[in-house]
Each structure stands twice: as structure tokens, then as C-alpha cells.
Amino acid sequence: MQWTSSGGFSTHTPWIEMNPRCKDINVEDALKDKDSIYYFYKKLIELRKTHKVISVGTYTPLFEESDCLYAFKRNYENEELIVLNNFYDKQTTVSIDNIEDYEVMISNYQDHDLKKELHIRPYETVALYKKK
């Protein structure tokens, strides 16, 4: 863990080599940036605690034929969640029926155009949520 731009939280010599990017990627800087991965994960944890569909909902794989998308649907009582993860550097497109019934729960992109033909950008993750 790179705690600061100087690397650590101690004056002792680390037992493994420091990451050469610790000046750019560290906890101290992440805490100052509301769009950092720290706050993204904090939001994910908060959502998991407030929406049971995330932790106990039934799991159904989606778009298994896609070579760049990991996607699934979860259902629990009156909640439904569709999670789309594009792990590659190219855009992919999927069709989701009744997408207008969903809202973006969380994403690593700020803008979304929820249409039946949904374009998932490179390295995009988006969770779509609806109450039934």
C-alpha cells in the first residue's frame, strides 16, 4: 500500500520494492480526489449494505457470447440489478429490453444515454437498478 507520495508510513526500509508510481498513485492523494478509486469502492460498499439484491439476489449470467463483457443480472424481492463490465479497450454494444425502467446505480463514467442499444465504452462498469 502506497500511503503517501513518498511511499509509506514509516522510516524503516520496506521489505519489498516501492512502486515507482507512488508519487502519482497513493492513498493520500486519493483521499483528496472525490473521483478516486477509494471513493468508488466506498460507494460500492455503501450500496452493498443498503441493497440486498447485491449480496443475496439470484445470479443470472448475461451476454455470455460476448468476448469482452462480463455481465449479469441479480433479482431479490422487488429489486433488479444489471451489472455490465467491459474489461477491454474497445466499445461493445448490447440490447436491454425496457432499459428506460432502469436508473444508473453506479458507474465509472459520469454520462449515460440509456437506450435499448446500450454502448459500453472501453473499461466501463455500470450497474443498472430498478424496483419492480
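The figures here come from the full heavy-atom set of this structure, side chains too, leaving out hydrogens, waters and symmetry mates.
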**Message:** Through direct or indirect side-chain contacts below 4.5 angstrom among Ile, Leu, Val, Met, Phe, Trp and Tyr, which residues connect to I45?
**Reply:** none
Only distances under 3.5 Å count here; give the side-chain donor-acceptor pairs of residues 53-63 to other protein atoms, sequence neighbours excluded, each with its distance to 0.1 Å.
unit_1, atom_1, unit_2, atom_2, d
T58, OG1, N75, O, 3.4
Y59, OH, Y70, OH, 3.1

Report whether [X] and [Y] are members of the same hydrophobic cluster (ILVMFWY, side-chain heavy atoms less than 4.5 Å apart, transitive linking).
| X | Y | value |
| --- | --- | --- |
| I106 | I82 | no |
| L81 | Y76 | yes |
| L44 | F72 | yes |

**Item:** Test salt bridge (Lys or Arg N to Asp or Glu O under 4.0 Å) applied to D67 - qualifying residues, sequence neighbours left out
**Value:** K90
**Complete:** Residues at least two apart in sequence or cross-chain that pass salt bridge (Lys or Arg N to Asp or Glu O under 4.0 Å) with K52, listed by chain then number, are none
Pairing residues for [X] by the side chain to side chain donor-acceptor pair (under 3.5 Å) criterion, not counting sequence neighbours:
| X | answer |
| --- | --- |
| N108 | none |
| K49 | none |
| N86 | none |

**Asked** OH/Y39 to NZ/K43 distance, rounded to the nearest 0.5 angstrom?
**Response** 14.0 Å
Using residues 119-130 as the side-chain source, report each donor-acceptor pair under 3.5 Å to any protein atom, sequence neighbours left out, with the distance given to one decimal.
unit_1, atom_1, unit_2, atom_2, d
H119, ND1, Q91, NE2, 3.4
H119, ND1, T93, OG1, 2.8
R121, NE, E124, OE1, 3.2
R121, NH1, D111, OD1, 3.0
R121, NH1, D111, OD2, 3.4
R121, NH2, D111, O, 2.6
R121, NH2, E124, OE2, 3.2
E124, OE1, R121, N, 2.8
E124, OE2, H112, NE2, 3.2
T125, OG1, N85, OD1, 3.1
Y129, OH, E79, OE2, 2.7

**Asked** Are more than 12 heavy atoms from other residues, nucleotides or ligands located less than 6.0 Å from atom OH of Y88?
**Response** no
Partners of [X] by side chain to side chain contact (heavy atoms under 4.5 Å, CB included), sequence neighbours excluded?
| X | answer |
| --- | --- |
| K32 | E28, D29 |
| I37 | Y41 |
| N78 | K131 |

Side-chain donor-acceptor contacts of residues 94-104 below 3.5 Å, not counting sequence neighbours, with atom names and distances?
unit_1, atom_1, unit_2, atom_2, d
S95, OG, E117, OE2, 2.4
D97, OD1, K116, NZ, 2.7
Y102, OH, E80, OE2, 2.2

**Complete:** Nearest heavy-atom approach of S36 to A30 is OG-O, 2.9 Å
